[in-house]
Protein chains: 2
Amino acid sequence: MDLTELLMHFNLTRQEATIYKTLYSEGELTGYEVAKLTGISRSNTYTSLAGLVAKGAAYVIEGAATRYTPVPIEEFCENKIRQLHQIKQDLVKNMPVKKEDTEGYITITGEKNILDKIKNMLLEAKERVYLSVAQNTLTLILPELKDGLSRDLKLVIITNYSFELTGATVFQAEKPPHQIRLIVDSTKALTGDIPEGENASCLFSKNKNLVELLKESLKNEITLIDIMKGK
Amino acid sequence: MDLTELLMHFNLTRQEATIYKTLYSEGELTGYEVAKLTGISRSNTYTSLAGLVAKGAAYVIEGAATRYTPVPIEEFCENKIRQLHQIKQDLVKNMPVKKEDTEGYITITGEKNILDKIKNMLLEAKERVYLSVAQNTLTLILPELKDGLSRDLKLVIITNYSFELTGATVFQAEKPPHQIRLIVDSTKALTGDIPEGENASCLFSKNKNLVELLKESLKNEITLIDIMKGK
DNA sequence: TTATGGTATTCTTAATTAGGAACACTAGTC
DNA sequence: GACTAGTGTTCCTAATTAAGAATACCATAA
């Protein structure tokens with residue numbers, strides 16, 4: 001993803017993002033100079049510069065000719081993130097009470113959504129985590145796993161490569177490349193496949209039967225690993 | 001600002017936000033039920049539900065009829081904020097080197113943009129902060145001031161009401177209600193007016209002359225306060 | 001037949017972008 | 001001083017894209 005697309009995630013239009021980049025690398029500029037450098041029509045350039053100022057991405061330097069200077073990228077991003085934190089608090093406080101979950105079976109699609117769910121399950125874990133997953137996926141959730149260990153979670157991992165994580169119990173076994181199975185606090189289960197891209201699909205549930213099924217499956221897998229090691 | 005507007009800050013369209021709220025208070029629903037409850041056309045309801053799923057705000061429960069359930073608001077917001085943090089890191093790493101600032105005089109307009117700048121100046125302060133400001137504005141930046149004190153910043157404040165902040169030196173004097181003057185590390189200065197709304201306008205600069213001018217002004221003000229107290 | 005469930009299509013409105021014209025000011029040239 | 005070109009800004013029109021409204025069609029179950 002290129003810089004323009006990344007900037008657009010911070011609520012800038014494509015032209016605003018383009019102009020922001022130009023201000024960044026060229027320094028203070030008049031609207032006329034910006035239009036020449038970017039090829040954007042002068043009319044739209046002035047509109048977008050006003051938008052950048054209103055959105056906190058640029059400042060005005062008043063003079064014979066008005067010049068614009070970019071807000072440092074760290075500041076601009078942090079300002080937006082700080083605002084979202086504040087909005088999040090307002091939302092959490094004011095949203096209606098969530099209707100209680102049933103013990104249904106929830107389909108989660110898309111690698112990003114699945115990883116988000118896994119990370120949240122790990123961050124909310126209180127006592128125990130059983131995880132069977134391929135190494136490539138394991139690296140993506142390492143920070144959350146470490147966070148869990150620092151909270152004295154019991155953490156059991158089965159993965160396909162030799163892997164060390166102080167405080168965790170790690171077993172090595174052949175894994176299909178994209179498969180994942182996760183149990184948290186014996187109450188939540190997630191199982192499925194995370195190939196790269198939008199084909200990823202997992203099942204998540206708090207259903208007792210599914211949780212028990214997955215626990216048995218993981219325990220048996222661990223037992224088989226021990227037997228094959230001649231213990 | 002109502003919940004729908006707040007949710008829209010997390011990249012949901014107005015209809016997606018409305019549907020998310022309905023899922024939240026009513027629980028798992030089919031697209032047909034959502035359309036009836038919200039009054040949104042069925043066609044757009046299905047489009048928006050797909051959008052919610054793609055954006056990580058809802059999950060699918062597969063069955064004879066497809067049902068949708070909302071992602072908890074904490075999770076949804078945190079996922080989005082986490083993503084923006086990641087994007088911020090990519091941006092900071094890949095943006096071109098910022099063209100060096102000149103010592104110009106930068107106009108910052110809008111209460112929100114000014115408070116953002118003040119907060120960032122406080123967060124980046126290394127040694128000393130001199131601040132002359134009315135009480136109402138002071139409360140808005142209190143967390144950043146406390147953060148500064150926890151980093152052993154020297155903090156001197158002039159404000160219009162009796163105000164206590166352990167570790168800071170506080171002077172009391174009459175202040176125009178919206179005026180602010182701030183000096184950070186003897187290198188950055190900000191001065192101006194923050195009435196509520198878009199009329200707010202401040203001047204920020206790293207220009208040595210302006211910094212010195214403001215320092216002298218604040219020192220004189222402190223001296224006058226001491227004299228009036230009969231010290 | 002009616003209600004529920006889902007998809008495709010068309011139309012309208014709002015937002016974004018493209019482009020031209022008009023006006024003002026400055027500097028250089030004759 | 002008059003003229004021209006470049007710089008700087010605003011107003012206006014038009015095209016394209018995104019969001020939302022409405023309708024039609026199909027399938028299933030009661």
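Convention: sequence-line order gives letters A, B, ...; per-chain numbering from 1.
For A/Leu49 and D/dT9, the CG to C1' distance is 11 Å, given to the nearest whole Å. Taking atom NZ of residue A/Lys55 and atom P of nucleotide C/dA15, one finds them 12 Å apart after rounding to whole Å. Whole-Å rounding puts the A/Tyr46 OH to C/dA22 C1' distance at 14 Å. The CD-C1' distance, from B/Glu62 to C/dG6, rounds to 15 Å in whole Å. For A/Ile40 and D/dT16, the CD1 to C1' distance is 16 Å, given to the nearest whole Å. D/dT7 atom P lies 13 Å from atom CG of A/Leu29, rounded to whole Å. Straight-line distance from the CG atom of B/Asn44 to the P atom of C/dG6: 16 Å, rounded to whole Å. Going from atom CD of B/Glu16 over to atom C1' of D/dA19 covers 10 Å, rounded to whole Å.
Checked for salt-bridge contact, A/Glu33 and A/Arg67 meet the test: a charged N lies under 4.0 Å from a carboxylate O. Taking 4.0 Å as the cut-off between side-chain N and carboxylate O, A/Glu74 and B/Lys98 do not count as a salt-bridged pair.
When atom types are taken as modelled, the side chain of B/Thr139 and the backbone of B/Asn136 share a donor-acceptor pair closer than 3.5 angstrom. For A/Asn160 (side chain) and A/Ala134 (main-chain N/O), no donor-acceptor pair under 3.5 Å exists by modelled atom type.
Mapping B/Thr66 and A/Ser41 onto DNA chain C via the closest heavy atom, the residue that lands nearer the 5' end is B/Thr66.
Backbone-only engagement by A/Thr30 is indicated by non-hydrogen atom pairs under 4.0 Å involving sugar-phosphate atoms exclusively. Among the protein residues, A/Thr13 comes within range of the sugar-phosphate backbone only, with heavy atoms under 4.0 Å from sugar or phosphate atoms but none that close to a base.
In this structure, B/Leu37 CG and B/Thr18 OG1 are separated by 12.5 Å, a value rounded to the nearest 0.5 Å.
When the side-chain nitrogen and oxygen atoms of A/Tyr32 are compared with OP1 and OP2 of D/dG8, none of them lie within a distance under 4.0 Å. Taking only side-chain nitrogens and oxygens, A/Lys36 never comes nearer than 4.0 Å to OP1 or OP2 of D/dG8.
Residue side chain B/Ser43 reaches the base of C/dT9 through a donor-acceptor N/O pair under 3.5 Å, judged by distance alone. Contact of B/Arg42 with C/dG5 (side chain to base): a donor-acceptor pair of N or O atoms is detected under 3.5 Å.
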